[in-house]
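Position 1 is the first residue of the sequence; numbering continues from there.
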Amino acid sequence: MNNVKLDLQYTQIEDSEILKYGKQVKKLHDKLHKNTNGKMPVGWLTLPCSINDELLNDIKDCSEKIKKMSEIFIVIGIGGSYLGARAVIDSLTSNYYNELAGETRKTPQIFYVGNNISPDYISDLIELIGTRDVCVNVISKSGTTTEPAISFRIFRELLENKYGIEEAKKRIFVTTDSKKGALKILAEQQGYKTFIIPEDIGGRYSVLTPVGLLPVAVAGINIDKIIEGARFAQEKYNDDSLKYNDCYKYAVARNILYEREKNIEMLVNYEPKLHYIGEWWKQLFGESEGKDDKGIFPSAADFTTDLHSMGQYIQEGRKNIFETIVNVKQSNSDLEIKPDEDNLDKLNYLVSKKLSYINAKAMEGTIKAHVEGGVPNILISIEKLNEETLGQLIYFFELSCAMSGSILGVNPFDQPGVEKYKKNMFELLGKNS
């Protein structure tokens, strides 16, 4: 199986600097894997090798029912409840998945709500649905998170009005807590098909649970292969030696750059399909590390697109940025530049060259320019974008995030700050309890 490969040659970090963290990393590795006192939600660490075939088959069977029943599949969730699924679906399907004809796509169109409170956004989706058949997957541990709870109330009513209460029950799929919460109670009362979010896995680490796997399976993606890739990564990175563990080297390199006052990290791609990998990664690292007035600010960029909007700042602006590039070495398709007799666009020098080659040279040229401009670059390469490599990459980032936050000295598994805005909003809206 092809590996995720880390390259630190563009960071000006010496191997000796990395290895100084060896004892600390070993200690933190042991703490993560031994789950001291059982207080850390680290079930994702062993999930790839422990997830059972019965659950995977249940998810696949359920996805087949959804495909048969619906033309549109709505995923209701916010943060980790939808970002991971969307990242995988966007990465492994056509750039124009929802625009493809149904007979070509062979799976439902997939739309996401519950990630904002915009009335226009929700109204536009309701208008788009029209008379077409719909299924809904609502994802929430509590069932009371404001944005998805509002959306679920609206779309539950839509389904009940459209199909009647009994038929609507067959079209609502719930992913929630195993024991408690408003959504759990409602699912039991109504008899909705329910999948469980493991208690020891937090939302932003949950993409390889039913939270992410059910929507991914509905999109026609092979979830067995995703788990296989993650399983490979679990076994590969279960090594406390910093010398051999690229996952931990990435975590250490981030902290070294942070100590050098590089406090903004941009996750960069040269493949538009990876846009939502950047969005998922931003939540993973931002919510895990941004505490106690500490942390690298996670940003993301799509190159070469954003080079024409952000390139000037990156090149010559404040030198508090470093970039981490996710490089897909082989594209799934390619196009070749053809000669043009008039050559008005001055592109004949590219004749017979393929777009994949040109894109690669754009990346190489950008790395050279940015590094010379004082912006370190970390390179993470995967041979090809498929289920196995994406499963590896997801696990790589989850583990490196847990290690990086631990090195920083914060708890990478809580998010106390996100409750502040909610308290203010509830007071303004007149919520009493």
- Task: State, with a plain yes or no, whether a side-chain heavy atom of Ile201 is found less than 4.5 Å away from one of Leu47.
- Result: yes
- Message: Quick one, Lys273 and Asp90 - any side-chain contact, counting heavy atoms below 4.5 Å?
- Response: no
- Task: Identify, with sequence neighbours excluded, every residue that meets salt bridge (Lys or Arg N to Asp or Glu O under 4.0 Å) alongside Glu316.
- Result: none
- Does a side chain donor of either Glu271 or Asn269 reach within less than 3.5 Å of an acceptor in the other side chain? no
- Item | Salt bridge present between Asp334 and Lys354 (N-O < 4.0 angstrom) | no
- Query: Less than 6.0 Å separating the ring centroids of Tyr276 and Trp280?
  - Reply: no
- Query: Judged by modelled atom types alone, do Thr46 and Gln234 share a side-chain donor-acceptor pair under 3.5 Å?
  - Reply: no
- Query: Is there a donor-acceptor pair closer than 3.5 Å between any side-chain N or O of Asn348 and the backbone N or O of Pro339?
  - Reply: no
Distance-only donor-acceptor pairs under 3.5 Å for side chains of residues 70-83, two or more places apart:
unit_1: Ser70; atom_1: OG; unit_2: Ile66; atom_2: O; d: 2.6
unit_1: Glu71; atom_1: OE2; unit_2: Asp133; atom_2: N; d: 3.0

- Message: Could you tell me if the side chain of Val375 sits less than 4.5 Å from the side chain of Asn377, heavy atoms only?
- Response: yes
- Query: Quick check, are the ring centers of Tyr258 and Phe322 under 6.0 angstrom apart?
  - Reply: no
- Please identify each residue that fulfils side chain to side chain donor-acceptor pair (under 3.5 Å) with Ser288, with sequence neighbours left out. Arg204, Tyr205
- Message: Using only atom types and a distance under 3.5 Å, with no angle test, would you say the side chain of Gln109 pairs donor to acceptor with the backbone of Asn98?
- Response: yes
- Query: Regarding Lys193 and the six-membered ring of Phe195, is the cationic atom NZ or CZ under 6.0 Å from the ring centre and inside 45° of its axis?
  - Reply: yes
- Message: Hydrogens and angles aside, do Ser404 and Glu289 bring a side-chain donor and acceptor to less than 3.5 Å of each other?
- Response: yes
- Query: Can you find a pair of side-chain heavy atoms, one from His370 and one from Ile314, that are under 4.5 Å apart?
  - Reply: yes
- Message: Distance alone, cut at 3.5 Å: any donor-acceptor contact between the side chains of Tyr97 and Thr107?
- Response: yes
- Ring centroid separation for Phe173 and Tyr192, is it under 6.0 angstrom? no
